[in-house]
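Predicted, not measured: the structure shown is a model, and the values here were computed from it. Just so we're on the same page: letters track the sequence lines, and every chain starts at 1.
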Amino acid sequence: MPKDYLDQLNSAQKKAVSAPVENTLVLAGAGSGKTRVLTHRIAWLIQNGFCSPFNILAVTFTNKAANEMRGRVEQLLGYSAQNLWIGTFHGLCHRLMRIHYDKANLNENFQIMDSDDQLRVIKRIVTAMGLDEKQWIPKKIQWFINAKKDDGLRAAKVPNPADLHTRTLISIYQQYEETCFRMHLVDFAELLLRTQELFERHPDILEHYQSRFTYILVDEFQDTNAIQYNWIKALAKKNTLMAVGDDDQSIYGWRGAKIENMKALERDFHPINIQRLEQNYRSTGNILKAANTLIANNPDRLGKNLWTEDGLGEKISLYPAFNEFDEARFIVECIREYYKQQHQYLHCAILYRSNTQSRVIEEALIQAGIPYRIYGGLRFFERQEIKDALGYLKLILNPDDDTAFERAINTPPRGIGEQSLNQLRDNSKEKTISLWQSALHCVEQKKLSNRVLNNLQSFIQLIQTLQQETKDLSLSNLTDQVILRSGLISHYQNEKGEKGQTRIENLQELITAAGQFSEENKNNVHTQLAEFLANAALEAGETQSDESAIDYVQLMTLHSAKGLEFPLVFLAGMEEGLFPHQLSASDPSQLSEERRLCYVGITRAMKKLYLTYAETRRHHGQEMYHRPSRFIHELPQELLDEVRLRTKISKPLYTSSHKTSHYPPTMSLRTTNYRQQTALVSQELNGFRLGQLVKHPTFGEGTILNFEGSGEYARVQVKFKQVGTKWLVASYAKLEVIS
DNA sequence: ACCTGAAATATTTTT
DNA sequence: TATTTCAGGT
């Protein structure tokens, strides 16, 4: 290890890294180098002989973060530390479950369900219980079950409620638990829950890990939920904990993360040494000031103020667009300009609140010929064809997996219809056996029509043959065989269009992935397969397969931007209703979370930040008039630079049917101070006059204050009696002249 | 089994 | 608007 490795750190970081070996909470602001502190701390502990790598447990939320941390630690140590436990909560719990499967009441071959599998199981249960799917929406039930599990509650332990609705939910949960148990399947939350129970029921095992892991480090602590917190508490009780987090960047409350856990630390791990990292190495002074001012509007913060030695940098640009097309056009224009100045596309990020916003921006980028990549969406192991193949692979290991059975039996179609399938389902429900077993019974006792019986028989044969004949193959050959003999390849060959071809390519890719996986794995092939399947569930792979472009603009939601940084950032759709989202507007705590999300967005920017909003946006097929986001108003107005657009030629001849008519023909960008109102056209426009009294269908009555632009995109500024002053596109807003 | 058209229904996402 | 799901027909 380089002796001077602490010299790479600033004084606050150094202080945190070499803090006394006692419980420590590091409050690390955005861009203050928290991962760096965490990795250096691990190296420091080892180097100074406080412990060996064997004694360290480091926990993260994503595989990406875990991999990155391991890499950085090994780099600092100068050797590969395999007995260092670094991983995600789920990954580490999975590891524990594989070791202690018997004590955790699991089958040796237990498998992990992803959320898609989980949803299918729930659907089946709802149907089997004779409940109406319209009323008992599987997604909501899934939500309910996971929320309970994240709180560490089994169905039997959920407080008994008075209302029938919740009682039914609990009984579905109970059914679900039993079904999963019978199938030897665990969902993600179950990994944590089982570990909790293992520790409760087998104190010796807990003690074993307590004495092993003398130093525990947790990243992104603000994102922990109840069960994760308890897990840490159990393991770290007699040991030393370092938690790193930022309450201002807590954006996962909606899926159970508890910001309060940060405060709970002070209680449960008292005395705790609090270290603050407030020097930011990422953004300019103006960007930081904006972020600080915004987040100051949130109550109950632990308190933190970011500062930088950097200069103020440029102001934050604000662009009020006519509509979403104009917004996209503007962003593309800026990126083009930026690229011309010898910059890379890779340095530009377009961030938005919800995925639907990406489409219009994508189209504008395509039209401009700018390469881009969208993050989020379908991952490799979540693709339909991949899940089909995985279904067969799962059946080889565990034919009692009903989810896999249901999937495989009719993909590709095998002439076993809904009728016959229902008989199998009834039969298995009645006897509490798996579908596979009830299929065996049916064949034995010739319970179905001859034709179906034949089909079923050959399906059973197929699985049994695969089970036996693949024992001596390599994992990739096995996968190859399964894909071929299941008929998936020929099934997808018949699919029309390019889709089938892509699917087959993906299936080939699965074979390659299996080959790569088994390279580092010397177990027998079925053990390898079990691990491969677990890996597929826990690490669903990249969102997009490799694309040829190496320099591209990056598009993603604000949530997925956390932890990243870009020189040039656009926050698009800064509108009330969109951001903060309509569904979060009424609840103060949700609104605070939206604000934190905005804080996350702003602090992604290193050099330049653009905020854009559209005055008109088509949303769910309806034209919507949104006000600019309250978050814009919460920023220091002197830091904002409003970009105004001026049309040079008035030519009111655009029709919306014309394909390129989203934008006025000639335009130039001009900058004015924010809030400065400029009449660019004249005293009169489209029959409107200054001072005229008008009525808007939603905003009510108001007075015309100003005009801007011309033609289809001409806008009027109206001071409404009830909702304040707004700029409206005259041709969209259905303004009625009153006087 | 597959096609078609109507109807419902639209945050954020990791594991 | 766009996507997904479902009923009904072939």
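For residues 133-145 of chain A, the pairs satisfying side chain to side chain donor-acceptor pair (under 3.5 Å) are A/Gln118-A/Gln142, with sequence neighbours left out.
When base pairs are accepted only as Watson-Crick or G-U wobble with both N-N or N-O distances under 3.5 Å, DNA chain B takes part in stems of 3 or more pairs at B:1-10 with C:1-10.
A distance of 6.0 Å or more separates the ring centres of A/Tyr375 and A/His559.
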Interface polar pairs with nucleotides 2-5 of chain C, N/O, under 3.5 angstrom:
{"residue": "C/dA2", "atom": "OP1", "partner": "A/Arg359", "partner atom": "NH1", "Å": "3.3"}
{"residue": "C/dA2", "atom": "OP1", "partner": "A/Arg359", "partner atom": "NH2", "Å": "2.8"}

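The 12-atom threshold is exceeded at CZ of A/Arg301, counting heavy atoms of other residues, nucleotides or ligands nearer than 6.0 Å.
Using cut-offs of 30° and 60° for the angle between ring planes, the A/Tyr176 and A/Tyr173 rings count as tilted. Ring-plane geometry between A/Trp85 and A/Tyr209 is classed as tilted, the angle between the planes lying from 30 to 60 degrees on a 0 to 90 degree scale.
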Base, backbone or nothing for each nucleotide of nucleotides 9-15 of chain B, written B, S, -, heavy atoms under 4.0 angstrom, 5' to 3'?
-BBBBBB
Only distances under 3.5 Å count here; give the side-chain donor-acceptor pairs of residues 121-128 of chain A to other protein atoms, sequence neighbours excluded, each with its distance to 0.1 Å.
{"residue": "A/Thr127", "atom": "OG1", "partner": "A/Lys123", "partner atom": "O", "Å": "2.7"}

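Listed by chain and number, the residues in a side-chain contact (heavy atoms from CB on, under 4.5 Å) with A/Arg120 are A/Asp116, A/Thr403, A/Arg407 (sequence neighbours excluded).
Side chains of A/Gln554 and A/Ile350 form no contact here, defined as non-hydrogen atoms less than 4.5 Å apart.
Here A/Arg627 does not pair with A/Glu575 in a salt bridge; the nearest charged N to carboxylate O distance is not below 4.0 Å.
A/Asn323 places its CG atom 15 Å from the C1' atom of C/dT1, with the value rounded to the nearest Å.
Annotation: cation-pi pair A/Arg255/A/Tyr252 present, NZ/CZ under 6.0 Å from the ring centroid and within 45° of its normal.
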